Trainee: 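Below you will find the structure I want to go over with you.
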Amino acid sequence: EDADAVLESDAGAIRLLVTDVVLPGKSGRELAAELAVAAPGVPVIFCSGYTGRLSTQAGRLPEGARFLQKPYDAASLLEQVRAFAAEQVAPNAAAWAAGTRDARELMSAAAALGLFGLQLPVSSGGLGLSFRCQCAVSAALAASDFGFALSVINSHNVALQLARCAAPRVAAALVPELLAGRRAAGTALTEPGAGSDFAAITMHAAPVSDGWRLDGRKTWIINAAFADVFVVHAQTAPGRGAPGIAAFVVDATRPGFVRE
């Protein structure tokens with residue numbers, strides 16, 4: 001059905017444009033339930049032009065709530081990203097650089113725009129957009145603060161890698177958390193003695209009874225100060241070079257993980 005026509009004709013409904021609302025840790029189903037209690041009998045319409053996350057909730061919304069997936073408009077998304085960067089990122093950039101404020105305070109707002117799922121398929125809760133669009137979004141953020149742009153894109157890239165390659169149970173546990181901005185992520189490749197020479201990685205991964213044990217150090221890792229999920233590259237077969245390297249999902253909250 002035509003989303004704009006429905007909104008125009010259903011004048012008594014509660015309209016909610018998902019990308020205009022920041023709801024940390026709250027799903028569309030939870031919000032719809034709260035609105036049903038606050039305004040019983042009033043139709044609730046969720047509208048989303050830029051995020052597929054809520055569409056996965058559409059079949060489970062409480063009675064009386066509706067979901068409309070409006071056609072994606074890349075130009076409108078970029079306008080929103082530029083406005084977000086100018087109004088919320090730029091004013092805080094100096095404080096972040098000085099260490100007096102924490103950039104994570106805007107992660108929920110970035111998640112509401114769908115920035116952690118730009119290239120993820122809609123079936124995984126993302127937007128299903130192109131790499132070119134991701135570049136445009138990155139440039140819009142970097143114009144206000146390069147560090148914030150790198151932080152967002154690195155979490156996005158890990159979410160994308162997990163959605164594509166991780167075991168289903170791992171993806172199911174972590175991807176929704178990353179898309180919602182409740183967890184941050186990074187990729188651990190660079191090492192003190194190897195730089196970013198992939199084939200020269202020395203961190204060793206050895207199989208143990210309940211998985212793998214990783215032993216080594218990484219450096220110059222984006223989001224290393226606060227991320228709690230990392231994709232870590234390690235050597236499983238010393239002497240084999242690049243063919244022996246594998247990627248491991250590491251929970252940084254587990255014992256044995258040290259930040260220096």
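Quick caveat, the model's predicted, so the values are computed rather than measured.
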Trainee: Main chain of Val89, side chain of Ser144: is a donor-acceptor contact present, judged purely on distance under 3.5 Å?
Mentor: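 No, because the side chain of Ser144 does not come within donor-acceptor range (under 3.5 Å) of the backbone of Val89.
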Trainee: From Asn154 CG over to Ile221 CD1, what is the distance, rounded to the nearest 0.5 angstrom?
Mentor: 9.0 Å
Trainee: Is there a donor-acceptor pair under 3.5 Å between the side chain of Gln235 and the backbone N or O of Ala237?
Mentor: yes
Trainee: Can you see which heavy atom on Ala109 is nearest to which on Gln88, and at what distance?
Mentor: CB-OE1, 4.1 Å
Trainee: Is Val232 reachable from Trp212 through a run of hydrophobic residues whose side-chain heavy atoms are each under 4.5 Å from the next?
Mentor: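 Yes: a chain of side-chain contacts under 4.5 Å links Trp212 to Val232.
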Trainee: Of all the heavy-atom pairs spanning Asn223 and Ser155, show the shortest one and how long it is.
Mentor: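 Minimum heavy-atom contact is ND2-OG, 3.8 Å.
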Trainee: Should Phe230 and Phe257 be marked as a ring pair (Phe, Tyr, Trp, His ring centres under 6.0 Å) after you check the CA-CA gap, both sets of side-chain angles, and the distance that decides it?
Mentor: CA-CA 11 Å; Phe230 288 90; Phe257 186 96; 5.4 Å; yes
Trainee: If every non-hydrogen atom of Leu179 is compared with every non-hydrogen atom of Gly126, which pair is closest and at what distance?
Mentor: CD1-N, 4.4 Å
Trainee: For the residue pair Ala234 and Ile201, what are the closest heavy atoms and their distance?
Mentor: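 In terms of heavy atoms, the two residues are closest at CA-CG2, 4.1 Å.
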Trainee: Identify the two heavy atoms, one from Phe116 and one from Gly181, that lie closest to each other, and give their separation to 0.1 Å.
Mentor: CE1-CA, 4.0 Å
Trainee: Got a donor-acceptor contact below 3.5 angstrom from the His156 side chain to the Leu120 backbone?
Mentor: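 It does not hold such a pair.
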Trainee: Which pair of non-hydrogen atoms, one from Ala252 and one from Ala227, has the smallest distance, and what is that distance?
Mentor: CB-O, 3.7 Å
Trainee: May I ask you to check whether over 12 heavy atoms, not counting those of Arg259, lie within 6.0 Å of atom CZ?
Mentor: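 More than 12 heavy atoms, drawn from other residues, nucleotides or ligands, come within 6.0 Å of this atom.
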Trainee: How many angstroms lie between atom CG of Leu115 and atom OG of Ser151, to the nearest 0.5 angstrom?
Mentor: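 Taking CG in Leu115 and OG in Ser151, the distance rounds to 11.5 Å.
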Trainee: State the CG-CD distance between Leu160 and Gln134, to the nearest 0.5 angstrom.
Mentor: 8.0 Å
Trainee: What is the distance from atom CD1 of Ile153 to atom CD of Gln119, rounded to the nearest 0.5 Å?
Mentor: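 Going from CD1 on Ile153 over to CD on Gln119, the span is 8.5 Å.
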Trainee: Around Phe146, counting heavy atoms of other residues, nucleotides and ligands shown, do more than 12 lie under 6.0 Å from its CZ?
Mentor: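 Count not over threshold, so no.
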Trainee: Please report the interatomic distance NE2(His204) to OG1(Thr236), rounded to the nearest 0.5 Å.
Mentor: 7.5 Å
Trainee: If only atom types and distance count, is the side chain of Lys218 paired as donor or acceptor with the main-chain N or O of Glu191 below 3.5 Å?
Mentor: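 No, Lys218 side chain to Glu191 backbone: no donor-acceptor pair under 3.5 Å.
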Trainee: Does a salt bridge link Asp251 with Arg183, judged by any charged N lying under 4.0 Å from a carboxylate O?
Mentor: yes
Trainee: Between Thr190 and Trp220, is there a donor-acceptor pair closer than 3.5 Å when you use the side chain of the first and the backbone of the second?
Mentor: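 Between the backbone of Trp220 and the side chain of Thr190 there is no qualifying donor-acceptor contact (under 3.5 Å).
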Trainee: Assess whether side chain to side chain contact (heavy atoms under 4.5 Å, CB included) is satisfied between Glu260 and Arg217, documenting all intermediate values.
Mentor: CA-CA 10 Å; Glu260 297 177 340; Arg217 298 176 63 201; 3.2 Å; yes
Trainee: Can you list the steps and then say if Phe148 with Leu106 is a side chain to side chain contact (heavy atoms under 4.5 Å, CB included)?
Mentor: CA-CA 9 Å; Phe148 183 80; Leu106 287 186; 4.0 Å; yes
Trainee: Is the shortest side-chain heavy-atom distance between Phe84 and Leu141 below 4.5 Å?
Mentor: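 The answer is yes; the side chains approach within 4.5 Å.
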Trainee: Supply the atom-to-atom distance Asp102 CG to Trp96 CH2, rounded to the nearest 0.5 angstrom.
Mentor: 9.0 Å
